[in-house]
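Structure record follows, encoded as structure tokens.
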Amino acid sequence: MIAVMKEKKEKLHPLKYNLWVGLASIVMMFAAFSSAFIIKRSQGNWISFDLPLIFWYSTGVMILSSITIILSRKAFQNREMGAYIKWLITTLVLGLLFILMQYIGFTQLWDRGITLTRNVAFSFLYVIVGLHALHVLGGIVAMLFVFGKALNRKQKMYTSTPIDLMNTYWHFVDLLWIYLLIFLVMVK
């Protein structure tokens, strides 16, 4: 007797699908800004500038936050809720620190006369990095939601979907920042 094995196809969770579609559109948006940056740079009124050192430090903070969110997911999978919450809070604090460091960096740029309306090069910088900061803030809001679910004692379901989505998104904004920093340094 030949046993017929049914192949179980694992379907992508609808929320994960939606996240990937959203990430693809964010990639296209930043690709468009990168292309426009390169094209506008070839025009005669472009002014090159150096990024503040704090942007590099904020990159370290962002990378560290990717490590802490990995640790939070691992703790969740091991059902270590105390560690899960601790690493989630640490990631949240690092995300807020990243935003603060970006603000300080922009304050330093502003003090050097690199303002939003002074030159098209500066406008691109503010728009590109500002949009990234908004995406990080969006991740912080989502992380607050995940954190709220972790503190909700009434909830009986044990699903890793929210933290999986958070991990994917957070790593995405981390990699996006690294790309943007390298792009802005190389193409300036």
Positive for side chain to side chain contact (heavy atoms under 4.5 Å, CB included) with Ile54, one of Ile104, Thr107, Val61:
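Considering Ile104, Thr107, Val61, a side chain to side chain contact (heavy atoms under 4.5 Å, CB included) with Ile54 is found only for Ile104.
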Got a list of side-chain donor-acceptor pairs under 3.5 Å for residues 130-143, not counting sequence neighbours?
{"unit_1": "His132", "atom_1": "NE2", "unit_2": "Val173", "atom_2": "O", "d": "2.8"}
{"unit_1": "His135", "atom_1": "ND1", "unit_2": "Leu131", "atom_2": "O", "d": "2.7"}

Please answer: with hydrophobic residues joined when any side-chain heavy atoms are less than 4.5 Å apart, are [X] and [Y] in the same cluster?
X      : Y      : value
Tyr103 : Phe122 : no
Leu175 : Val129 : no
Leu23  : Val27  : yes
Leu181 : Leu176 : yes
Leu71  : Tyr84  : no

Would a 4.5 Å heavy-atom cut-off, applied to side chains only, mark [X] and [Y] as touching?
X     : Y      : result
Ile69 : His171 : yes
Ile67 : Trp87  : no
Met62 : Trp170 : yes
Leu51 : Leu125 : yes
Ile26 : Phe172 : yes
Leu92 : Phe147 : no
Leu88 : Thr68  : no
Phe55 : Gln108 : no

How close do [X] and [Y] get, heavy atom to heavy atom, and via which atoms?
X      : Y     : value
Gly105 : Pro52 : O-CG, 3.4 Å
Thr159 : Phe76 : O-CZ, 3.2 Å
Gly22  : Ser25 : O-OG, 2.9 Å

Is it the case that over 12 heavy atoms from other parts of the model lie below 6.0 angstrom from the OH atom of Tyr57?
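No, not enclosed.
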More than 12 heavy atoms of other residues, nucleotides or ligands under 6.0 Å from NZ of Lys16: is that the case?
yes
Using only atom types and a distance under 3.5 Å, with no angle test, would you say the side chain of [X] pairs donor to acceptor with the backbone of [Y]?
X      : Y      : value
Arg112 : Asp50  : yes
Arg73  : Asp164 : no
Asn119 : Ala121 : yes

What's the spacing between [X] [atom1] and [Y] [atom2] if we round to 0.5 Å?
X      : Y      : atom1 : atom2 : result
Leu94  : Ile63  : CG    : CD1   : 12.0 Å
Ser58  : Leu53  : OG    : CG    : 10.0 Å
Met166 : Ser72  : CE    : OG    : 9.0 Å
Glu80  : Ile85  : CD    : CD1   : 12.5 Å
Ile163 : Lys74  : CD1   : NZ    : 14.0 Å
Leu97  : Gln102 : CG    : CD    : 10.5 Å

Between Trp177 and Thr59, does a side-chain hydrogen bond (donor to acceptor under 3.5 Å, both in side chains) hold up when you go through it step by step?
CA-CA 7 Å; Trp177 172 248; Thr59 304; 2.7 Å; yes
Determine, step by step, whether Lys40 and Gln43 satisfy the side-chain hydrogen bond (donor to acceptor under 3.5 Å, both in side chains) criterion, reporting the C-alpha distance in whole Å, the side-chain angles of both residues, the deciding distance to 0.1 Å, and the verdict.
CA-CA 6 Å; Lys40 286 299 243 178; Gln43 297 177 349; 3.2 Å; yes
Report the C-alpha distance between Thr168 and Leu19 in whole Å, list the side-chain angles of each, state the deciding distance to 0.1 Å, and finish with yes or no for side-chain contact (heavy atoms from CB on, under 4.5 Å).
CA-CA 9 Å; Thr168 302; Leu19 176 65; 3.7 Å; yes
Using ring centroids (six-membered ring only for Trp), state whether Tyr179 and Phe30 fall under 6.0 Å.
no
Ring centres of Phe124 and Phe33 under 6.0 Å apart?
no
Using the ring-ring contact (aromatic ring centres under 6.0 Å, His included) rule, take Phe106 and Tyr126 through it: C-alpha gap first, then chi angles, then the decisive distance, then the call.
CA-CA 8 Å; Phe106 277 112; Tyr126 278 83; 4.7 Å; yes
